[in-house]
Amino acid sequence: MGKKLFYSAQGARTGDVIPKYIDGKYQLFYLKGWKNPREEGVVHGWHRMESTDLVHMSEEVPIHVQGGTGDLIFHDGKWHLFACIFPDGKQFVTHYVSRDGSLDHWDYLEEDTFGPDGNIYQGPDWRDPRIVYREELQEYWMFLAARANDTHSQTGCVGLCVSKDLKHWEYREPVYYPRRFNGACECPDVFRMGDWYYLVFSGYTNLFGNYYIKCRAGESEWRIPDNHRLDARAFYAAKTAGNEKERYLFGWNPTKEENLFGFWPDEMKAQDYRTWDWGGEMVIHQLVQQPDGDLGLTLPKGKRELFVTPITNCYIPVTDGWKEQGGGFAAVKTAEQQMMLMQQLPERYRICVKLKVQGAQQAGVILHVKKEMKEGYYLYVEPNKKRLVMRSWIRMSEEGGKTFPYDVELETPVRYAEDGRYHLEIIAEGNIGTAYVNEEAALSFRMYDLEDGNLGLFSFGKAIFESVTMSTERKENEE
């Protein structure tokens, strides 16, 4: 059994995850992206592993399904798996049936392959099937990343086909067609929590990232939440799985290791300057349902419980403006940035900061920073702009400021806290991490170029760091 905060197999990237909860276990199928795809012994196609706690993973096995993202469902005594293929620039849905009742041996039913109808839907997009059985209708609904057949370019949608037997499909009008995207709404996922239905999808044109819409049970109109984003730019292809008590969101945090798309700035040698690849490490968020039906993201309990060894805090004010207050520290200056250096960061860590903003424009932490506070990775809330932000060291120099024509590198919306309180929780392992705020928002990120350093605190304006804790995992010989 393996244990990683963010899963990837040796020599490979984790691509789209197809999670299923079956008989008390999470079965995690995924698209495996080999870093050296022509290397001897490499097995292409879908791979599968299982877990009961989403921390310890079984050894993965190839299942020899070729193609892109899909889904599986049990019907008429057999497992049926649907994927997608891309021959000659076209896209088709494919159908497999379990050979022996297991999840690892599949027979390809080539005659069941089908593409867009050319009437309701046009090419080239026709992929990522998601299957739901509508018991009240005795129908199987297939949701697809598709393009509507229309006269303009904004034809990206979530398509729908309906079947009684998983072999013969009737084309229906799109489930979601906002006339907003130049490309398909990828990796659609539909599920119910309580009194709400949710549709999750990934966008790669106009908006880049994972989004969701909601519909109250008994109604027919989709609503767009005020914050309909799930994580930020460095998280993609998210799909969900769970049981009656819990539900999780599975996606991947991309690497910056290979110039797959040819966009790297040639003269910039630092890895943090690079653009994102396809695939990386698996990121798992737990879904939280807000009272108004909106979704929030929080750290899964199993991962939080890994961090049982506390690290003693060390407070070294770098600027003035700090005042000890109630076991924490207050930044008391109104129009200045106040900075504090703390202890060194271990390889894996969890940081929890209870923060009360009292007018500060920005307040949060700095990772991998040193005593001169020149370079680091900033993670902070901006209450007035209602967002959680990540800004790396590349924006701290004149060169970086001239290079990038944008304000921030990563951001995700956060609701305004009327009482000014924000609970910031961060986990990190090597160069990858995720930050959470108030069991609402999550932001995945990378930290390539600064490998050592300390934790820092900062506030531009007045704020109170009511408590700061850091912990790491128990060593293997202590278990």
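Bear in mind the structure is a predicted one, so any value in this text is a computation, not a measurement.
With a 4.5 Å cut-off on side-chain heavy atoms, I73 and Y133 count as touching. With contacts defined as side-chain heavy-atom distances shorter than 4.5 Å, the pair E473/R350 does not qualify. By the 4.5 Å heavy-atom criterion applied to side chains, V17 and K239 are not counted as neighbours. L367 has its side chain within reach of I351: a pair of non-hydrogen atoms, C-beta onward, lies under 4.5 Å apart. Residues Y7 and T14 are in side-chain contact: their nearest non-hydrogen atoms beyond the backbone lie under 4.5 Å apart. Inter-residue side-chain proximity for E60 and F29 is flagged as unmet; no heavy-atom pair is nearer than 4.5 Å. For the pair F307/T469, no side-chain contact is recorded, criterion being any heavy-atom separation below 4.5 Å from C-beta on. Within the 4.5 Å cutoff, no side-chain heavy atoms of I311 are placed close to those of S471.
The nearest pair of heavy atoms linking N210 to A238 is OD1-N, 3.0 Å. Closest non-hydrogen pair, W106 versus R99, comes out as O-NH2, 3.4 Å. In plain terms, the two heavy atoms of A237 and C187 that are nearest each other are CB-SG, 3.9 Å. Closest approach of P116 to G123, counting heavy atoms only: CG-N, 4.1 Å. Considering every non-hydrogen atom in both L443 and L379, the closest pair reads CD2-CD2, 4.2 Å. Contact detail for P254 and W276: the closest heavy-atom pair is CG-CE3, 3.4 Å.
Side chains of N182 and Q154: a donor-acceptor N/O pair is present below 3.5 angstrom, by distance only. Donor-acceptor pairing under 3.5 Å is recorded for the side chains of R247 and T240. Judged purely by distance below 3.5 Å, without hydrogens or angles, the side chains of D117 and Y171 never pair a donor atom with an acceptor atom. Side chains of Y177 and D150: a donor-acceptor N/O pair is present below 3.5 angstrom, by distance only. Side-chain contact, T113 with Y108: a donor N or O sits under 3.5 Å from an acceptor N or O.
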Residues I366, L455; criterion side-chain contact (heavy atoms from CB on, under 4.5 Å); working and verdict: CA-CA 6 Å; I366 317 169; L455 171 64; over 6 Å; no
Derivation of the side-chain contact (heavy atoms from CB on, under 4.5 Å) call for I22 and L103: CA-CA 11 Å; I22 302 172; L103 298 174; 4.1 Å; yes
E170 vs R172, salt bridge (charged side-chain N to carboxylate O under 4.0 Å, His left out): CA-CA, chis, key distance, verdict: CA-CA 6 Å; E170 175 191 346; R172 299 269 184 92; 3.0 Å; yes
Steps toward ring pair (Phe, Tyr, Trp, His ring centres under 6.0 Å) verdict (Y377, F445): CA-CA 10 Å; Y377 300 96; F445 57 93; 7.8 Å; no
Test side chain to side chain donor-acceptor pair (under 3.5 Å) applied to R13 and T255, step by step: CA-CA 8 Å; R13 298 185 183 93; T255 58; 3.1 Å; yes
Full working for side-chain contact (heavy atoms from CB on, under 4.5 Å) between W46 and I18: CA-CA 10 Å; W46 286 32; I18 302 97; 4.1 Å; yes
L28 and F250: CA distance, side-chain angles, deciding distance, side-chain contact (heavy atoms from CB on, under 4.5 Å) verdict: CA-CA 9 Å; L28 305 181; F250 300 76; 3.6 Å; yes
Test salt bridge (charged side-chain N to carboxylate O under 4.0 Å, His left out) applied to R387 and E382, step by step: CA-CA 5 Å; R387 65 184 183 181; E382 290 187 329; 2.5 Å; yes
Verdict with reasoning, R134 to E139, per salt bridge (charged side-chain N to carboxylate O under 4.0 Å, His left out): CA-CA 5 Å; R134 297 290 304 274; E139 294 176 339; over 6 Å; no
Worked verdict on E186 versus R127 for salt bridge (charged side-chain N to carboxylate O under 4.0 Å, His left out): CA-CA 8 Å; E186 292 195 300; R127 59 184 181 273; 2.9 Å; yes
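For E136, the CD atom sits in a packed shell: over 12 heavy atoms of surrounding residues, nucleotides or ligands are nearer than 6.0 Å. Enclosure of atom NZ in K386 is not indicated, since only 12 or fewer non-hydrogen atoms of other residues, nucleotides or ligands lie within 6.0 angstrom. Other residues, nucleotides and ligands contribute at most 12 non-hydrogen atoms within 6.0 Å of the CG atom of D226. More than 12 heavy atoms of other residues, nucleotides or ligands lie within 6.0 Å of NZ in K303, so this atom counts as buried by the packing criterion. Residue K25 qualifies as open at atom NZ: its count of foreign heavy atoms under 6.0 Å is 12 or below. The 12-atom threshold is not exceeded at NZ of K78, counting heavy atoms of other residues, nucleotides or ligands nearer than 6.0 Å. Around the CD atom of E244, the shell of radius 6.0 Å holds no more than 12 heavy atoms that belong to other residues, nucleotides or ligands.
Put simply, the side chain of Y211 never gets that close to the backbone of N227: no donor and acceptor are under 3.5 Å apart. Side-chain N or O atoms of Y422 include one that pairs as donor or acceptor with a backbone N or O of A417 at under 3.5 Å. Within the 3.5 Å criterion, the main-chain N or O of E305 finds no donor-acceptor partner in the side chain of K301. Judged purely by atom type and a 3.5 angstrom limit, Y140 has no side-chain atom pairing as donor or acceptor with the backbone of W169. Distance alone, capped at 3.5 Å, places no donor-acceptor pair between the T412 side chain and the L388 backbone. Panel note: side chain D53, backbone H56; a donor-acceptor pair is recorded below 3.5 Å.
In this pair, H47 and Y30 present their aromatic rings tilted. The plane angle is within the 30 to 60° band. Between F208 and Y236, the ring planes lie tilted relative to each other; the angle falls in the 30° to 60° range. Between F114 and W126, the angle of the ring planes goes over 60°, which puts this pair in the perpendicular group of the 30/60° scheme. Using cut-offs of 30° and 60° for the angle between ring planes, the Y378 and Y380 rings count as perpendicular.
Between H80 and F74, the ring centre distance reaches or exceeds 6.0 Å.
Residues satisfying the side-chain hydrogen bond (donor to acceptor under 3.5 Å, both in side chains) criterion with Y248, sequence neighbours excluded, are E246. Residues satisfying the side-chain contact (heavy atoms from CB on, under 4.5 Å) test with T298, not counting sequence neighbours, are Q286, V288, R304, E439.
Each of F181, Y212, F143 was checked for a ring-ring contact (aromatic ring centres under 6.0 Å, His included) with F201, and the lone residue meeting it is F181.
Salt-bridge check for K20 with D71: passed, with a basic side-chain N closer than 4.0 Å to an acidic carboxylate O. Using a cutoff of 4.0 Å between basic side-chain nitrogens and carboxylate oxygens, R446 and E281 are scored as salt-bridged. The pair K35-E258 fails the salt-bridge criterion, with no side-chain N (NZ, NE, NH1 or NH2) lying under 4.0 Å from an Asp/Glu carboxylate O. Ion pairing between a basic and an acidic side chain is recognised when a charged N comes within 4.0 Å of a carboxylate O; R274 and E257 show no such pairing.
For the pair K214 and W222, the cation-pi test (distance below 6.0 Å, angle within 45°) is failed.
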